[in-house]
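Scroll down for the structure; my scribbles are underneath it.
Residue numbering restarts at 1 for every chain, and letters A, B, ... go by the order of the sequence lines.
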Amino acid sequence: MTTTSDRTVSRRGPSPQRRKLIITAYILITPFILVFIGMVIAPLLYAGFLSLFQTRLIGGEQFVGLANFGEALTDPLFLGGVARMSAFLLIQVPIMLGLSLFFALAIDSGRLRGGRFARLAIFVPFAVPGVVATMMWGYLYGDDFGPIAQGVRSLGLPAPDLLSSELMLFSMMNIVTWSFVGYNMIIMYAALRAIPTELYEAAELDGAGAVRIGWSIKIPAIRPAIMLTLIFSVIGSFQLFTEPRLLATIAPNVIGTAYSPNLYAYTLAFTFQDVNYAAAVAFLLGFVIMIISYVVQLSNARSGGRS
Amino acid sequence: MRQNTAMKLGAIAAVTAVALAGCSAAEDGPSTSDFDTAMSTPTEITMWAWAPGIEAQVALFEEAYPEIDVVLENVGQGGEHYTKVRTALEAGTGAPDVAQFEYQYIPSFVLTENLLDLAPYGAGDVEDQFTPWTWAQVTNGDAIYAIPQDAGPMGNLYREDILSSAGITEAPVTWEDYTAAAEAVKADSGSYISSFSGNDAGSFLGLLWAAGATPFTYDGDQTVSVSLTDPESQKVVDYWQDLIDRDLVAVDPSFTDGWYQGLANGAYAGWLTAAWGPAFLQGTAADTSGLWRAAPLPQFDAADPIAGNWGGSTLGALSSTEHPIVAAELAKFINTDSAATLAFATEQSLFPTRTEVLTASEFVDQESEFYGGQRVNEIFAEISTTVDTDFQWLPFQDQVASSFVDTLGKEISERGDLSAGLAAWQDAIVTYATDQGFTVE
């Protein structure tokens, strides 16, 4: 937030002291800017450039303008992936963030015994690399050998095939939720700790109970933190790659080559040797993520303004 | 870069043509003195290969040619390996001189003109050492693109105990017998006769191969043909459709945890696999030692047996190499030297492609405890003589394999309509080929 005095200063132009500060700041961020340009901007531009061409095994490379994008927009494999990830987003993200918020509030309330232990226990899955987590769950899900199926069968019930095409998306949601509940919880919990205690005292004087305080003070106060986790989750959903890629080794016919848009881009580049179309698909995916993130932020800004 | 290579190839072709016009084949390519000079000049040459223990063969080569230093690198197996080869070729530097190629990948590197034609380097002289069908896999017209290293003619590994408990005492000879065995085994022990998996195009194509089908052709230039829905292929899917519909065969994806378990615990009473399968299975299902037997693949016509192949690889020289003579000799030596090739077969469990090794007593007389003392090598050596030579691959086999998983493979794993899956696979390949600029016949 800029204060009024800052604004007056900037209108007059920075003082010599301030100018020095600005220069120092630029020098300090130069390494970041260079790496950012080299590792993010340049590859992005290169991918954009590549996406404008078509390289055929026979006939070589030619400029095709936006034709690759047009093709992707009608490509059932790409659209199927986007639809799957949209479903993922609509179901998994609310559940995950709801759980994160619940745990954050529970630990913050101080009523939980062994709060520290609980905090750590919920966070630990995040420390497990995604690859390991997926392999572990893949084993648990297994129809013949997995403990889940065996357990259900030992009760005399028919075991669901958690790796079938009907249940795969949900099995994946479970893995991602397991991995990221703790991470999001920590962000929310940190925000909760930053709420001034006077607010609670005032609320208690007014006769508010724990639930009321949670609903009317805590949740609104950490709205920016919740928004942050929401945006991260939106981006994460569309970028889903590790889980489908690894589960494909267990259930190859269920996952296929285009289960998630990211997996599709990978297949296009490395299996079909079509780098140009892969670049177009990746770019398009970036647009989809940008648009949805923007819509999420916009809707928050509106409802935030109302309250 | 590519143009450069094309020019070089063109030059070689021109030289070859002149030499041929001259008269005898002996005058092809470099002369004997060129060869001697190259092999006695200190040279460093790079080879990328994943074959286990190939250091032994490299050592034999270095012993024979002390001036040549071979740098052996394993950059990964299968897909990873090809991705790195292609990346290095694309980058223009860092590509090896010699590399391992599976048979089905050769056409895709021929297409991009990355494989050195070994014919001018005397590769034709060793043709008669190899089984005709492996040689057919590495040649196109007069060009020789690689030297066969190992192969995977397909046979049938089965659990003798499970089959005999169901009253089957002889290995199924025809597919009809196989169906009968599947019925008996299912009724007796609840086991499936095998798993017919939808995630591995290689094994399915091996079955098509064994049915006499030629689903693909490639002329080495721009023309391909795809005929997956021809009567031979249709016969194969009809056969398996019946077994699938009657729940006589499992459809679990192969090379997955569940599948390994199925092989180890008797959920499958057999595995239709390649000649590398027997050694592989020993590692996977060690507890069932002595219970397994090997036999040829069941046949549609027992009077005229045909076998298919699944897997196996070659050594090829890359056209970007600066030492073509040395590279060609390395690929040739490792796969034709008697000691080197015998070691491949007896110590590294690579199934031989040279007839000399296929009949060598050290190889065929090996008795395998895991297979109840059977001479498994002898059985597969016999099968190897019946592999059809006409089978060809498309120059984009990655796409063929991956679209299989999405089309026919999906129908298999869901116990759906295999004919529809086959047609969808055909369409996916033709569409891709057309998009890529090929002429599809």
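Contacts of residues 428-441 of chain B with chain A at a heavy-atom distance below 4.5 Å involve Tyr432(B), Thr434(B), Asp435(B), Gln436(B), Gly437(B), Phe438(B), listed in sequence order. The interface of residues 418-427 of chain B with chain A, defined by heavy-atom distances below 4.5 Å, is empty. Residues of residues 195-205 of chain B that come within less than 4.5 angstrom of chain A, heavy atom to heavy atom, are Gly198(B), Asn199(B) in numerical order.
At a 4.5 Å heavy-atom cutoff, the contact between Thr83(B) and chain A is made by side-chain atoms alone. For Leu57(A), the parts sitting under 4.5 Å from any heavy atom of chain B are the backbone and the side chain alike. Both the backbone and the side chain of Asp257(B) come within contact range of chain A, each with at least one heavy atom under 4.5 Å from a heavy atom of that chain. With a threshold of 4.5 angstrom between heavy atoms, Ser165(A) approaches chain B through side-chain atoms but not through N, CA, C or O. Proximity to chain B (any heavy atom under 4.5 Å) is restricted, for Thr249(A), to the backbone atoms N, CA, C and O. Of the two parts of Gln222(B), the backbone and the side chain both hold a non-hydrogen atom closer than 4.5 Å to a non-hydrogen atom of chain A.
In Phe63(A), the CZ atom is crowded: over 12 heavy atoms of neighbouring residues, nucleotides or ligands sit closer than 6.0 Å. The neighbour count for Phe49(A) CZ, taken as heavy atoms of other residues, nucleotides or ligands under 6.0 Å away, does not exceed 12.
A heavy-atom distance below 4.5 Å is not found between the side chains of Asp221(B) and Ile58(A). Here the side chains of Phe255(B) and Pro252(A) are not in contact, with every heavy-atom distance at 4.5 Å or above.
The main-chain N or O of Gly409(B) is found under 3.5 Å from a side-chain atom of Asn253(A) such that the two form a donor-acceptor pair.
Residues Gln273(A) and Asp398(B) come closest through the heavy atom pair NE2-OD2, 3.6 Å.
Taken from CZ in Phe270(A) to OG in Ser402(B), the straight-line distance is 14.5 Å, to the nearest 0.5 Å.
For the residue pair Thr257(A)/Asp406(B), the side-chain donor-acceptor check at 3.5 Å is satisfied.
Judged as a salt bridge (Lys or Arg N to Asp or Glu O under 4.0 Å), the pairs with a partner in residues 132-143 of chain A (not counting sequence neighbours) are, in order, Asp143(A)-Arg153(A).
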